[in-house]
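Here is the naming used below: chain letters follow the sequence lines, and residue numbers restart at 1 for every chain. The structure presented is a predicted model; accordingly, all values stated were derived computationally and were not measured.
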Protein chains: 2
Amino acid sequence: MIHNYKSEDKVLVAVDCIIFGFDDEELKLLLIKRDFEPEKGQWSLMGGFLKKDENLDQAANRILYHLTGINDIYLEQLYNFSKIDRDPVTRTVSVSYFALINISEHDTKLTANYSAKWFSFKDIPPLIFDHDKMVKHASRRLLYRASTGPIGFELLPEKFTMRQLQKLYEAILGEKLDKRNFINKINSFDILIKLEEKDMSSSRKGSFLYKFDQEKYQKKKAEGFSFKF
Amino acid sequence: MIHNYKSEDKVLVAVDCIIFGFDDEELKLLLIKRDFEPEKGQWSLMGGFLKKDENLDQAANRILYHLTGINDIYLEQLYNFSKIDRDPVTRTVSVSYFALINISEHDTKLTANYSAKWFSFKDIPPLIFDHDKMVKHASRRLLYRASTGPIGFELLPEKFTMRQLQKLYEAILGEKLDKRNFINKINSFDILIKLEEKDMSSSRKGSFLYKFDQEKYQKKKAEGFSFKF
DNA sequence: CCAAAAGTGTTTATGATACACCCATGA
DNA sequence: TCATGGGTGTATCATAAACACTTTTGG
């Protein structure tokens with residue numbers, strides 16, 4: 001006997017993207033104004049539906065690109081939300097994805113061509129459906145990511161100062177860190193390249209710029225080096 | 001304009017359950033012999049399809065109960081597998097769930113009434129579809145769970161010896177642990193109750209039995225105590 | 001010359017690891 | 001009495017945390 005797949009219920013599978021950014025001061029969340037019913041005009045995560053001819057990762061990338069123009073970033077699968085009436089119109093199961101991006105590289109395009117906007121966590125507007133739960137879940141995952149490996153790669157510009165990196169960690173961990181201990185810790189990872197160049201915008205003295213050494217990082221990771229923060 | 005939900009593709013959503021057990025010596029995996037095509041007669045995780053009137057957690061519990069009689073355990077959502085042709089018959093997205101259970105409490109029922117069987121990790125048979133990937137993913141999650149909180153609750157009988165608990169951790173972590181350091185660590189958590197009673201089956205001297213103190217554990221957890229192993 | 005941020009090491013405390021002997025009992 | 005597993009504590013090492021002053025330079 002062949003199992004009768006046809007007798008089984010099919011459901012709509014949605015994908016919702018939680019995108020975190022950092023602007024040198026605080027963590028931000030990318031939202032769009034929904035342009036269709038239900039909940040038209042409300043703020044929402046970037047969402048859409050899985051199509052027959054793509055897997056979930058592909059759907060997440062397509063949906064994010066379509067709604068924000070953001071492309072070629074690493075989206076990580078997070079969790080499913082499947083409460084029966086979570087979408088008032090029809091039964092959907094939503095798969096959440098999250099990613100970290102560098103605001104400065106994406107901001108102009110976003111505000112010019114899309115209805116997407118960055119929000120501080122202090123003033124996130126009410127979100128549709130269960131999107132607030134998704135954001136909470138993603139925040140926990142971000143915290144976990146930050147404590148198990150370096151995260152600056154995606155969130156900071158290519159060249160950055162120690163101060164910027166520290167502010168990023170402080171924003172994610174939600175606590176002030178000691179400057180010297182922070183630098184010692186980061187240096188112990190040995191995955192930064194100190195440049196000759198200084199950033200003169202933040203002080204009279206100027207502060208050295210650094211770059212991530214992707215190669216060294218990949219090598220250390222492959223060797224099982226622990227980047228526990 | 002109302003978004004046309006009807007134009008979107010619907011897909012079958014499967015749920016597959018990865019169940020770990022422990023038998024005082026090693027970690028085991030519960031599998032069933034598939035009794036329908038495709039892949040009839042092959043070993044497989046416990047799987048089924050999400051129905052319209054249930055959420056994913058409910059589906060996982062229903063499916064596991066139906067196939068094994070196992071009930072009232074905590075199933076944790078793991079990850080989605082969505083490769084387009086992962087199921088050769090029709091497009092499905094599979095949501096994996098995992099759980100830990102105490103073999104001795106479930107074994108007789110299982111072998112008597114169901115075609116489910118426990119396998120050592122050493123000799124897991126070839127599995128259908130992408131179930132081997134699911135198992136790998138679940139093993140990583142188990143390792144993570146073991147390093148962030150106590151795991152004996154579900155995997156051991158109500159009363160157990162320190163030796164049993166240590167063997168469990170050794171099985172999960174995949175390494176031998178020092179007896180004294182292990183006990184010191186566990187005692188530092190302060191969530192066990194030492195009973196008067198001794199287990200005489202393993203040695204002439206006998207070894208004291210312990211119970212988990214659920215109340216103390218919940219209280220400590222609520223206070224943010226870190227059970228990092 | 002002073003305000004404002006950058007840069008730099010050492011001491012202390014805490015937790016992790018390594019390690020070896022006596023105990024109780026049934027056969 | 002002896003073989004078997006059970007039970008116990010300390011010293012050392014490594015990592016984390018606390019902590020304050022000097023440097024640079026534009027205004």
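Every residue two or more places apart in sequence or in another chain that forms a side-chain hydrogen bond (donor to acceptor under 3.5 Å, both in side chains) with A:R145 is listed here: A:E76. With sequence neighbours excluded, the residues that form a side-chain hydrogen bond (donor to acceptor under 3.5 Å, both in side chains) with B:E25 are B:K167. For B:Y97, the ring pair (Phe, Tyr, Trp, His ring centres under 6.0 Å) test picks out no residue, with sequence neighbours left out. Taking A:D132 as the reference, nothing meets the side-chain hydrogen bond (donor to acceptor under 3.5 Å, both in side chains) condition, with sequence neighbours excluded. Legend: residues meeting side-chain hydrogen bond (donor to acceptor under 3.5 Å, both in side chains) with A:Q58, ordered by chain and number and at least two apart, are absent.
Against DNA chain D, the stretch residues 191-205 of chain A makes heavy-atom approaches under 4.0 Å through A:R204, A:K205.
Straight-line distance from the CG atom of A:D178 to the P atom of D:dA16: 14 Å, rounded to whole Å. Remark: P of D:dA16 and CD of A:E175 are 14 Å apart, rounded to the nearest angstrom. Nucleotide C:dC19 holds its P atom 15 Å from the CG atom of B:L177, rounded to whole Å.
Nearest nucleotide to the A:R163 side chain, out of D:dG6, D:dT10, C:dA6: C:dA6.
No hydrogens or angles were tested; on distance alone, a donor-acceptor pair under 3.5 Å links the side chain of A:N181 to the base of D:dA18.
The minimum heavy-atom distance between B:L27 and B:F22, with the atom names listed, is N-CD1, 4.0 Å.
Judged by closest nucleotide on DNA chain C, A:S207 is the one of A:S207 and B:F229 placed further toward the 5' end.
Among the heavy atoms of the strands lying under 4.0 Å from B:K179 is at least one base atom, whether or not backbone atoms are also near.
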